[in-house]
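Working notes for the structure below.
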Protein chains: 2
Amino acid sequence: MATVFTSRQAIQITGVTQRQLAYWRKTGLITPSQRTPGGHSRYTFHDLIALKTAKRLIDAGVSLQKLRNSITALTRTLPQLKQPLSELSLLATGDVILVFHEGAVFETLTGQEWILPIAQFQREVERKQNTRRPSPSSGQGELFPETSGDDFQDGSAANSK
Amino acid sequence: MATVFTSRQAIQITGVTQRQLAYWRKTGLITPSQRTPGGHSRYTFHDLIALKTAKRLIDAGVSLQKLRNSITALTRTLPQLKQPLSELSLLATGDVILVFHEGAVFETLTGQEWILPIAQFQREVERKQNTRRPSPSSGQGELFPETSGDDFQDGSAANSK
DNA sequence: ACCTGACAATTTTTTATTTTTTTGCCAGAT
DNA sequence: ATCTGGCAAAAAAATAAAAAATTGTCAGGT
């Protein structure tokens with residue numbers, strides 16, 4: 001149950017290099033959960049998942065620094081997580097990392113995301129069309145009166161940059 | 001049915017400015033599907049969705065140029081689309097635009113995306129653990145023989161950058 | 001009412017340069 | 001066997017400057 005893995009095993013299983021393992025250990029990105037009395041690393045299964053996740057994100061084009069920043073941001077957004085790399089479902093693009101958490105999608109660095117609800121907009125416009133009153137003069141178009149129109153503005157705050 | 005909208009209506013409904021409407025029209029980002037004999041714009045419902053989508057992406061922090069590049073890439077990836085902005089479900093982060101299409105998630109510019117299958121990796125390691133043979137000497141860890149190990153490497157091609 | 005064009009202000013992209021981070025390799029220590 | 005450290009190469013990030021794109025405002029034309 002409480003099986004642990006040596007560095008060599010972690011390397012073979014996850015595909016990270018020895019150098020990376022050492023550097024990540026040194027810089028605190030992923031540290032072995034256990035150590036032998038002699039100071040040798042013992043990686044838990046949990047650790048392996050984190051290592052493999054980091055490896056995959058890197059292979060997906062994510063830089064190590066962005067990975068660090070993402071983890072920092074995630075642990076701030078979701079403090080209950082001890083090891084985001086092994087506890088979350090991450091989707092990597094070359095530039096950003098998205099996290100799927102409780103049905104929502106976040107960008108790891110900013111935490112802001114939303115799906116564009118096109119269907120909802122369609123309903124809005126259709127409702128508008130139903131409440132229109134045909135203007136007698138114009139033959140085509142000009143279906144709206146001097147609509148106050150403001151009720152249609154997208155209320156979402158514009159977060160420029 | 002074939003209701004069309006004037007520029008003013010499109011502005012009121014979608015929230016884009018008159019200048020944007022004109023510039024997008026001039027640069028071909030979103031052009032009205034119809035014109036009056038006098039040369040005035042008539043935007044279809046389809047057009048409105050595209051306008052609203054562009055507006056929302058811009059509000060989400062996406063620049064117009066990235067929007068253009070995304071559309072170009074999308075129409076190359078999915079040639080059957082005439083107007084990606086009104087036919088796809090898009091998710092915007094500050095930096096990239098993702099498209100949901102037939103159950104998959106793409107990054108619009110590169111077309112490359114994949115979700116990290118953590119569950120699958122867990123199964124891999126567990127299978128490895130089951131096929132291990134206990135080494136007689138070591139008390140903790142060192143559970144693996146001199147495993148060839150290569151069968152565990154992630155086969156996914158590393159697309160650096 | 002709407003379109004177009006022109007000018008200027010703002011924003012975004014591009015490019016080049018410098019700095020930092022990451023990695024490979026090797027040697028010595030535990 | 002594994003860890004640590006040092007050094008150099010490679011990759012990535014931060015920075016600054018220049019170029020391009022976008023937008024606001026206004027005026028004239030239809």
Side-chain angles (χ1 to χ4, degrees), chain A residues 4-12 15-32 34-43 54-55 57-59 61-70 94-95 109 135 137-138 140-147 158-161, chain B residues 4-12 15-32 34-43 54-55 57-59 61-70 94-95 109 135 137-138 140-147 158-161:
Chain A
V4 291
F5 302 85
T6 66
S7 293
R8 163 174 274 269
Q9 290 167 347
I11 290 169
Q12 290 179 325
V16 305
T17 66
Q18 179 185 346
R19 191 67 178 83
Q20 285 175 318
L21 207 61
Y23 187 63
W24 297 354
R25 192 166 49 210
K26 179 183 179 183
T27 56
L29 180 71
I30 298 172
T31 56
Q34 302 180 23
R35 292 271 192 169
T36 64
H40 284 198
S41 301
R42 290 296 178 268
Y43 289 93
K55 171 78 162 69
L57 290 172
I58 289 172
D59 286 346
V62 176
S63 74
L64 201 55
Q65 299 183 40
K66 278 181 181 159
L67 192 47
R68 289 186 200 277
N69 294 338
S70 294
D95 263 355
L109 287 175
S135 71
S137 55
S138 56
Q140 188 192 35
E142 269 74 20
L143 297 172
F144 287 13
E146 286 296 320
T147 48
N159 62 332
S160 54
K161 177 67 183 182
Chain B
V4 291
F5 302 84
T6 67
S7 293
R8 162 173 276 270
Q9 290 166 346
I11 289 169
Q12 289 179 326
V16 306
T17 66
Q18 180 184 345
R19 189 67 176 83
Q20 286 174 318
L21 207 60
Y23 188 62
W24 298 355
R25 192 165 49 211
K26 179 183 178 182
T27 56
L29 180 70
I30 299 172
T31 54
Q34 300 180 26
R35 293 270 192 169
T36 65
H40 284 198
S41 301
R42 290 296 178 267
Y43 288 94
K55 170 79 162 70
L57 291 173
I58 289 172
D59 287 347
V62 177
S63 74
L64 200 55
Q65 299 183 42
K66 278 182 183 159
L67 191 48
R68 288 186 200 278
N69 294 338
S70 293
D95 263 355
L109 286 176
S135 74
S137 55
S138 56
Q140 188 192 35
E142 270 73 23
L143 297 172
F144 286 13
E146 286 293 321
T147 48
N159 63 332
S160 53
K161 174 71 183 183

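Just so it is clear: chains get the letters A, B, ... in the order the sequence lines come, proteins before strands, and each one is counted from 1. Computed from a prediction, not measured in an experiment: that's the story for all the values here.
Between B/Ser63 and D/dA21 there is no side-chain polar atom (N or O) within less than 4.0 angstrom of OP1 or OP2. The side chain of A/Thr36 contributes no N or O atom lying less than 4.0 Å from OP1 or OP2 of D/dT2. Between A/Thr17 and C/dG24 there is a side-chain polar atom (N or O) within less than 4.0 angstrom of OP1 or OP2. Using a 4.0 Å cut-off, no side-chain N or O of A/Ser7 falls inside it from OP1 or OP2 of D/dA1.
Atom CZ in B/Arg68 sits about 17 Å away from atom C1' in C/dT14, given to the nearest Å. Atom CD of A/Gln20 and atom C1' of D/dA11 are 12 Å apart (whole Å). Regarding A/Leu21, its CG atom lies at a distance of 15 Å from the C1' atom of C/dG24, rounded to whole Å. The CZ atom of A/Arg35 sits 11 Å away from the C1' atom of D/dT4 (whole-angstrom rounding). Distance, B/Asp59 CG to D/dT23 P: 11 Å, rounded to whole Å. One interatomic measurement links the two molecules: CZ of B/Phe5 to P of C/dC2, which rounds to 14 Å at whole-angstrom precision. We find that CD1 of B/Ile58 is positioned 10 Å from P of C/dT12, with the value rounded to whole Å. Between B/Ile11 atom CD1 and D/dG24 atom P the separation is 11 Å, expressed in whole Å.
Annotation: side chain of B/Gln20 is not in contact with side chain of B/Leu64 (no heavy-atom distance under 4.5 Å). A heavy-atom distance below 4.5 Å is found between the side chains of A/Pro32 and A/Arg25.
Residues from residues 23-30 of chain B that place a heavy atom under 4.0 Å from any atom of DNA chain D, listed by number: B/Tyr23, B/Trp24.
For B/Leu64 and A/Leu64, each mapped to the nucleotide of DNA chain C holding its nearest heavy atom, the one lying further toward the 5' end belongs to B/Leu64. In terms of position on DNA chain D, the residue among B/Gln18 and B/Gln65 whose nearest nucleotide sits closer to the 5' end is B/Gln65. Closest-nucleotide positions on DNA chain C for B/Arg19 and A/His40 were compared, and the one nearer the 5' end corresponds to B/Arg19.
Interatomic distance, OG of B/Ser7 versus NE2 of B/His40, reported as 8.5 Å (0.5 Å rounding). Interatomic distance, CG of B/Asn69 versus NZ of B/Lys66, reported as 9.0 Å (0.5 Å rounding). We find the OH-CZ distance between A/Tyr43 and A/Arg35 to be 7.0 Å, quoted to the nearest 0.5 Å. Taken to the nearest 0.5 Å, the NZ atom of B/Lys55 stands 8.5 Å off from the CH2 atom of B/Trp24.
Shortest non-hydrogen contact noted between A/Leu29 and A/Arg68 is CB-NH1, 3.6 Å.
Note on A/Gly39: only backbone sugar-phosphate atoms sit closer than 4.0 angstrom, heavy atoms only; bases stay farther off.
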